[in-house]
Protein chains: 2
Amino acid sequence: MSPSFPKSYKVACSNCNLRELCMPMGLSEAELRYIDEMVGSRRKVPRGDPLFTHGDPFKALYAIRTGFFKTTVTAQDGRDQVTGFQMAGEVVGLDGIVHDRHTCDAIALEDSEVCVMPYDELEALSREVTALQNHVHKIMSREIVRDQSMMLLLGSMRAEERLAAFLLNLVQRLHARGFSPLELVLRMTREEIGSYLGLKLETVSRMFSKFAEQGIVEVRQRHVRILDTVALQQLVSQHHPE
Amino acid sequence: MSPSFPKSYKVACSNCNLRELCMPMGLSEAELRYIDEMVGSRRKVPRGDPLFTHGDPFKALYAIRTGFFKTTVTAQDGRDQVTGFQMAGEVVGLDGIVHDRHTCDAIALEDSEVCVMPYDELEALSREVTALQNHVHKIMSREIVRDQSMMLLLGSMRAEERLAAFLLNLVQRLHARGFSPLELVLRMTREEIGSYLGLKLETVSRMFSKFAEQGIVEVRQRHVRILDTVALQQLVSQHHPE
DNA sequence: CGCACAGTTGATCACCGTCAATGAAAGTGG
DNA sequence: CCACTTTCATTGACGGTGATCAACTGTGCG
């Protein structure tokens with residue numbers, strides 16, 4: 001590894017601490033430099049602001065550097081549903097590719113910063129760098145698999161199972177980013193959790209209370225401490241008997 | 001257009017009648033020939049048989065030439081859920097890219113035939129043919145958007161809204177393939193519809209009966225005739241008031 | 001300090017799941 | 001070709017889960 005200082009304050013992909021999360025492995029120096037070049041700019045998104053909204057022309061994918069986002073889809077009648085929560089190292093914007101317009105909203109749940117990857121440049125570069133092409137495909141495929149497991153959750157799990165799965169998924173992802181696997185601070189409201197899980201906010205609140213009563217978690221507002229991971233896992237995998 | 005006879009009985013992409021469904025537009029002769037070459041083989045899948053199942057090593061994407069498929073995901077505890085129904089011109093197998101293994105099952109609901117597109121060859125060729133690269137990305141993005149609208153359906157719609165949306169989606173896709181927009185033959189059981197929509201088969205049956213009573217559809221087993229498309233559309237877009 | 005918002009908890013109810021019985025269709029083998 | 005079995009579909013009665021409505025509490029920010 002031959003270190004080279006970045007030309008400016010701007011952090012380059014080549015020495016970004018999220019590299020193993022959002023970059024393919026085993027790139028050459030030259031390839032990394034190309035990618036640095038493609039990821040032209042950063043963009044700060046203050047809490048509550050949209051990174052993009054449905055209808056916006058699609059121009060780029062965004063890798064989250066810091067912060068936390070939710071994505072929501074909106075039905076014709078105006079009601080919307082949270083389709084995901086994204087954290088550092090994850091990519092948003094894939095929905096826009098089909099129709100050259102975004103079909104969902106991405107809203108920052110805390111002050112955030114994203115790396116802008118102009119789509120045409122990304123396509124061009126991934127024609128040159130096989131590892132990047134493969135990486136992009138894997139990211140899209142991962143999203144498809146994730147969405148399908150959400151369909152399973154929404155279609156066949158009960159409230160407590162959904163919330164248990166949600167908590168486990170969150171801590172697992174946070175753990176992969178160096179945080180505690182037993183403690184987390186929720187960045188979203190009960191209503192947003194409910195929307196994501198196909199439940200009403202009151203139900204989410206009730207399930208939290210229930211878990212707390214059973215000694216599975218400790219809940220103080222948005223601060224959650226997991227006391228019994230195994231119990232949560234059993235809740236998820238023990239669907240109501242056939 | 002300079003016609004050239006295929007070397008064998010094997011139908012080539014270049015003169016497949018599904019071309020506009022599964023191929024990018026505006027390809028050159030040479031590019032089309034490359035694609036013909038990549039789509040090496042066909043595979044027949046008899047009704048009830050799997051095209052692939054979860055755990056199978058991922059080697060190829062499959063374009064459906066004839067027939068009808070369902071895809072299902074399976075939870076740890078063994079319960080599964082239908083995540084989609086696919087018809088001619090649609091692509092299955094995208095789930096396998098992330099982990100080099102399929103994560104869902106694809107089962108033929110009628111005798112079917114698919115075009116096998118070996119994934120490494122597809123990747124290689126889409127590095128050469130920009131239109132193909134773009135096409136593959138759009139297909140994946142479309143799948144993501146579709147899955148997210150299913151999440152909306154499963155998370156926020158009631159039984160009758162779900163079934164209405166399902167029927168409208170089916171006839172719309174069939175219509176795009178030259179079939180009647182008012183009549184369809186379901187290729188799946190009530191249970192499979194229910195699994196897809198997050199409902200029990202009895203509920204699906206009841207909703208069919210209810211629609212029939214209201215004069216919205218005519219149902220005889222798997223044969224469905226739509227009498228009032230507008231009513232169905234209104235059902236979908238009129239979520240229960242907030 | 002007060003106001004808006006987020007969260008909790010209780011009472012009631014509706015939708016849909018469950019259980020069960022029946023009927024229709026389709027495939028099977030004599 | 002017709003009994004037989006199996007699968008699929010319909011319908012009814014009942015109950016449970018989670019939605020709805022409502023009141024109250026806690027928290028953070030201006």
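First the proteins, then the strands, lettered A, B, ... as listed; each starts at 1.
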Nearest heavy atom decides the nucleotide; on that basis, is B/V219 or A/R162 closer to the 5' end of DNA chain D? B/V219

Distance in angstrom units between A/R158 CZ and D/dA19 C1', rounded: 16 Å

Side-chain donor-acceptor pair under 3.5 Å between B/H223 and B/E218, yes or no? no

Check whether any side-chain heavy atom of A/R43 sits under 4.5 Å from a side-chain heavy atom of A/S41, and report yes or no. no

Specify the separation, in whole Å, of atom CZ of B/R187 and atom C1' of D/dC8. 16 Å

Side chain of B/T203: nearest nucleotide among D/dT20, C/dG7, C/dC16? C/dC16

Side-chain atoms of B/A159 come closest, of D/dT27, C/dC16, C/dT9, to C/dC16

Base, sugar-phosphate alone, or nothing: which one does B/E202 contact when heavy atoms must sit under 4.0 Å apart? base

Please give, in whole Å, the distance from D/dG18 P to A/L154 CG? 13 Å

Measure the distance from CE on B/M188 to P on D/dT7 and round it to the nearest whole Å. 20 Å

Around A/K138, counting heavy atoms of other residues, nucleotides and ligands shown, do more than 12 lie under 6.0 Å from its NZ? yes

Atom-to-atom span, NZ of A/K200 to P of C/dA11 - whole angstrom: 22 Å

Beyond-backbone contact of B/I193 with B/F208, side-chain heavy atoms, under 4.5 angstrom: yes

At 4.0 Å (heavy atoms only), tell me whether B/S209 reaches a base, stays on the sugar-phosphate, or touches nothing. sugar-phosphate

Compute the centroid of each ring, for A/F85 and then for A/F69, and state whether the two points are separated by less than 6.0 Å. no

Specify the separation, in whole Å, of atom CZ of A/R47 and atom P of C/dC5. 13 Å

Using whole Å, report how far CZ of B/R222 lies from P of D/dA9. 5 Å

Rounded to whole Å, how long is the line connecting atom CG of A/L186 with atom P of D/dT27? 16 Å

Pick the nucleotide of DNA chain D nearest each of B/L201 and A/R206; which residue has the one closer to the 5' end? B/L201

Check whether any side-chain nitrogen or oxygen of A/T189 sits under 4.0 Å from OP1 or OP2 of C/dC5, and answer yes or no. no

What contact category does A/G194 fall into here, base, sugar-phosphate, or nothing, at under 4.0 angstrom with non-hydrogen atoms? nothing

